[in-house]
Each structure stands twice: as C-alpha cells, then as structure tokens.
Protein chains: 2
Amino acid sequence: MTAGVLSQKTRYAIRAMQHLADNYGQGPIQLAQIAEAQNIPAKFLTTILSELSRFGIVDSQRGKDGGYRLAVSPIDITYGDLIRLMRGSLALVPCASRFAHEKCKNCLEEENCRTRALMLEVRDRTAELLDGVRLSDRIELVPAQADSEN
Amino acid sequence: MTAGVLSQKTRYAIRAMQHLADNYGQGPIQLAQIAEAQNIPAKFLTTILSELSRFGIVDSQRGKDGGYRLAVSPIDITYGDLIRLMRGSLALVPCASRFAHEKCKNCLEEENCRTRALMLEVRDRTAELLDGVRLSDRIELVPAQADSEN
DNA sequence: GTATTCTCAACTTAAAAAGTTGACAATATC
DNA sequence: GATATTGTCAACTTTTTAAGTTGAGAATAC
C-alpha cells in the first residue's frame, strides 16, 4: 500500500467541503446527509466538521433542521486553503513550509541543504496550483490520458 | 509538529545518495562515514543502504576497505527517481499515482472525483520538477527570499 | 419539555514509521 | 586458514500518528 500524502481525514474534509459548496445558499446541510452522500463515517465526520467550524470556515446550527453551511462563498476557498488548514502545510518537508516552518529532525544546517532548496521550489509550484483552484470550480476532468507514466 | 510528507527514511536516503554522488568515482565509501557526515543513525542507515543496494542503484562491497558507491552516474539519477524508489509515488493521493495507482479508501467513483483531477495535475507538475533535478546538480540556493507566504 | 442536531474531550484501536538486535556472509590480509 | 573488517537481512521493539468511537452535554425548534 502506497502511503498517500493527504490523510484520510484531509480527504474527507475536502469532500465534505465540496458537498457544502455544491449546496451553497440552500440552507444548512445535515451531517448525516453529508456522511452518506460522501461515504464518510458519520462519527468521524463529526470531528472533522467541528474542526472546520472552529476554524470559522464553516457555520453550524444546532437543533431541528440544523446543519452546516459554508461561512464563506465557495469562490473564496481554495484547495490550498483547505489542505493547509487540515495538515498545516503544503510542503514536502517541515523545513520547506512557509506558515509552519520547522527544522527537519536530524538534518544538517538548513542554509546549505540542497534538498531544502529543491523542496521550497516544489512547495511553491504546488501552492501556485492548489491556490488557483476554488471550491466553486468545476474541475475539468482530463480526458483520461493513457495513465502511463509516474 | 507538522507532518512532513517525506519520511525520515526517505530524507536519509536522499542525503546518503547525495553524499555518494559527491564522492562519485573515488572508491567505496563506508557506511560509518556516511552516517557521521550526514547525521544519520548508523544502524538505521544499514537498512536504507541495503535497500538501495537491492534496488540496484547503489553497489556495495564487503570486507576491508569495502563500502558503497553509486551504481550509476549521479547525472542519471533524479530526485524524482529517489522519492519514487523510497515512497512508491510522487502523488498526494493513492489514486493519483501513475506507477503505483490504487483506489483511495472510502472514495467515490474515480471517474467523477474532482479532487483526483486536481491531484493528477499536482503530481505532474511535481514530477516535472523533481525529475528535472539530478543528483549531480548543485542546486542553486535561492537568496533566502523573505520567508513570507505559505 | 422533548426531540433534534451539533460539540468536544477522552478514549481505543490500528497501522506505520523509526530504529535496534544479532546472527551471518563476503572479502581482504597476514 | 584464521582473523578482522564491512556489508546483509529478517525479526523485533518502541514510538508516533492516524483513524475512528464513546458518551455526556449544549443549543435550538416546536
């Protein structure tokens, strides 16, 4: 099994947010509904949505006919935002993070770390891409180009 | 603590390979030497180098004055190769991997997964970058541009 | 006041990562 | 051919992180 960089939790969060985005402006959506539609364990989704709600990116309402809705327009939420929110950084290594910069364990001096220089580059390009796509975007599905390389 | 996508082991592997690259053509380098110079726990490095050796990217020699050396010229090894070798894929999610493609757990159908489309894009750009830099390259260290965003 | 729906800290379980142990195999040297 | 040196490798332990559950509570609606 290949690791996968985005945790299950982050992936759930993204799908939940997409769901809310798709129903933006239509009153609160209940957790159970999202869980079912998005195939997410309901109890776990509880943790995730509460977190998103604490972050202020989602509004919640309790009681009958309560639920969740985006606190901001889906046009103002990028995938980069979501991933940073959930995993703290877009970087491949701690020392290459901008917001959550941290020395890598057991590393040599950052100044002349070749890997770091490269990873900063990767982070920037990734950010550029992920910050350019919004929750409101219908992402164009590439025409399944022969899944050949990489 | 922020996760960091590349495992400690992968980072060690990269540094070990850089070390070998820097000493390419100068006879075998001993494990203990690499461990010390690169600040890697020696016993753990054992595991890593054996693995790299089994992959055929490194040659080993036992006995007195033995050690390790690159099996290929550092110009023929990219960072992409190394990362793929150590972690199986460059992708952020399992379903966006080319070589190690795998369905994401608890996902919806891949065909209309918006996240997937985006992640394929990210993977491609990352690969482009990581496959463009070689172990032989002296990576130009960016002039520490005010570590502001991201 | 009762039913509904979100909240949240504490907990459990499961899995992966990190690192160690120790017996062994190849090579070199004397 | 014995000894010292250096890599090999599977099995194991420990640590950390991820994933998911529990259950008591708080807000709201009717």
Side-chain angles (χ1 to χ4, degrees), chain A residues 1-13 15-16 20 27-36 38-69 71 86-89 93-94 102 104-107, chain B residues 1-13 15-16 20 27-36 38-71 86-89 93-94 104-107:
Chain A
M1 161 77 189
T2 309
V5 163
L6 299 188
S7 68
Q8 192 71 343
K9 189 176 170 192
T10 300
R11 278 177 280 178
Y12 287 156
R15 291 221 303 280
L20 291 180
I29 313 288
Q30 291 181 11
L31 188 146
Q33 233 181 85
I34 306 176
E36 207 204 331
Q38 299 295 328
N39 192 24
I40 304 173
K43 266 306 198 169
F44 194 26
L45 184 52
T46 263
T47 311
I48 296 168
L49 282 172
S50 298
E51 210 167 308
L52 290 168
S53 171
R54 252 174 290 135
F55 285 146
I57 202 169
V58 149
D59 277 338
S60 66
Q61 190 177 336
R62 306 193 205 193
K64 183 115 200 282
D65 293 325
Y68 299 86
R69 67 180 96 212
M86 297 305 291
R87 67 179 306 278
S89 166
V93 291
E102 200 169 325
C104 297
K105 199 189 149 212
N106 259 28
C107 206
Chain B
M1 160 77 189
T2 308
V5 162
L6 299 187
S7 68
Q8 192 70 344
K9 189 175 170 193
T10 300
R11 279 177 279 179
Y12 287 156
R15 292 221 302 280
L20 292 179
I29 313 288
Q30 292 181 10
L31 188 146
Q33 233 182 85
I34 305 176
E36 206 204 331
Q38 299 295 328
N39 191 25
I40 303 174
K43 266 306 198 171
F44 194 26
L45 184 52
T46 263
T47 311
I48 296 167
L49 282 172
S50 298
E51 211 167 308
L52 290 168
S53 171
R54 252 174 288 136
F55 285 145
I57 202 169
V58 149
D59 277 339
S60 66
Q61 191 178 336
R62 306 192 206 195
K64 183 114 199 288
D65 294 324
Y68 300 87
R69 67 181 96 212
L70 294 187
M86 297 304 294
R87 69 179 304 280
S89 166
V93 291
C104 298
K105 199 188 150 212
N106 259 28
C107 207

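Proteins come first, then strands; the chains are lettered A, B, ... in the order of their sequence lines, and each starts at number 1.
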Over how many whole Å does the gap from [X] atom [atom1] to [N] atom [atom2] extend?
X	N	atom1	atom2	value
A:R62	D:dA27	CZ	P	6 Å
B:L31	D:dC9	CG	C1'	14 Å
B:I40	C:dA18	CD1	C1'	13 Å
B:L6	D:dT17	CG	P	16 Å
A:N39	D:dG20	CG	C1'	14 Å
A:N106	C:dA17	CG	C1'	14 Å
A:K64	C:dT4	NZ	P	8 Å
A:Q33	C:dT4	CD	C1'	14 Å

**Message:** I need the residues from residues 43-60 of chain B with at least one non-hydrogen atom less than 4.0 Å from DNA chain D; give them sorted by number, or say none.
**Reply:**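 Residues of residues 43-60 of chain B under 4.0 Å from DNA chain D: B:T46, B:S50, B:S53, B:R54, B:S60.
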**Request:** Could you pull out the closest heavy-atom pair between B:A16 and B:L45, with the gap in Å?
**Result:**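 So the two residues come closest at CB-CD1, 4.1 Å.
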**Message:** So, OP1 or OP2 of D:dT17: does either fall under 4.0 Å of a side-chain N or O from A:Q8?
**Reply:**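 Answer is no, no contact under 4.0 Å.
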**Short side-chain N/O contact to C:dT5 OP1/OP2 from A:Y68, under 4.0 Å** =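 For C:dT5, OP1/OP2 do not have a side-chain N/O of A:Y68 under 4.0 Å.
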**Message:** Of the options C:dT27, D:dT21, D:dG7, whose atoms approach the side-chain atoms of B:Q30 most closely?
**Reply:** D:dG7
**Message:** By nearest atom, which of the nucleotides C:dA26, D:dA19, D:dA29 is closest to the A:K9 side chain?
**Reply:**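 Between C:dA26, D:dA19, D:dA29, the one nearest the side chain of A:K9 would be D:dA19.
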**Asked** Is the backbone of A:L6 close enough, under 3.5 Å, to the side chain of A:R87 for a donor and an acceptor to pair up by distance?
**Response** no
**Euclidean distance, B:I29 CD1 relative to B:L70 CG, rounded to 0.5 Å** = 9.5 Å
**Item:** Separation of B:Q33 CD from B:Q38 CD (nearest 0.5 Å)
**Value:**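 Between atom CD of B:Q38 and atom CD of B:Q33 there are 11.0 Å.
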**Message:** Under the side chain to side chain contact (heavy atoms under 4.5 Å, CB included) test against A:Y68, which residue among A:L31, A:D59, A:L52 passes?
**Reply:**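 With A:Y68 as partner, side chain to side chain contact (heavy atoms under 4.5 Å, CB included) holds for just one option, A:L31.
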**Message:** Tell me every residue that passes side chain to side chain donor-acceptor pair (under 3.5 Å) with A:D65, counting only those two or more places apart in sequence or in another chain.
**Reply:**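 Result, side chain to side chain donor-acceptor pair (under 3.5 Å) vs A:D65: none returned.
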**Asked** Distance only, no hydrogens: is a donor on one side chain within 3.5 Å (strictly under) of an acceptor on the other, for A:S7 and A:T10?
**Response**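 Per modelled atom types, A:S7 and A:T10 side chains form a pair under 3.5 Å.
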**Prompt:** Given that B:K105 and B:G67 both sit by DNA chain D, which one's nearest nucleotide is further toward the 5' end?
**Reply:** B:G67
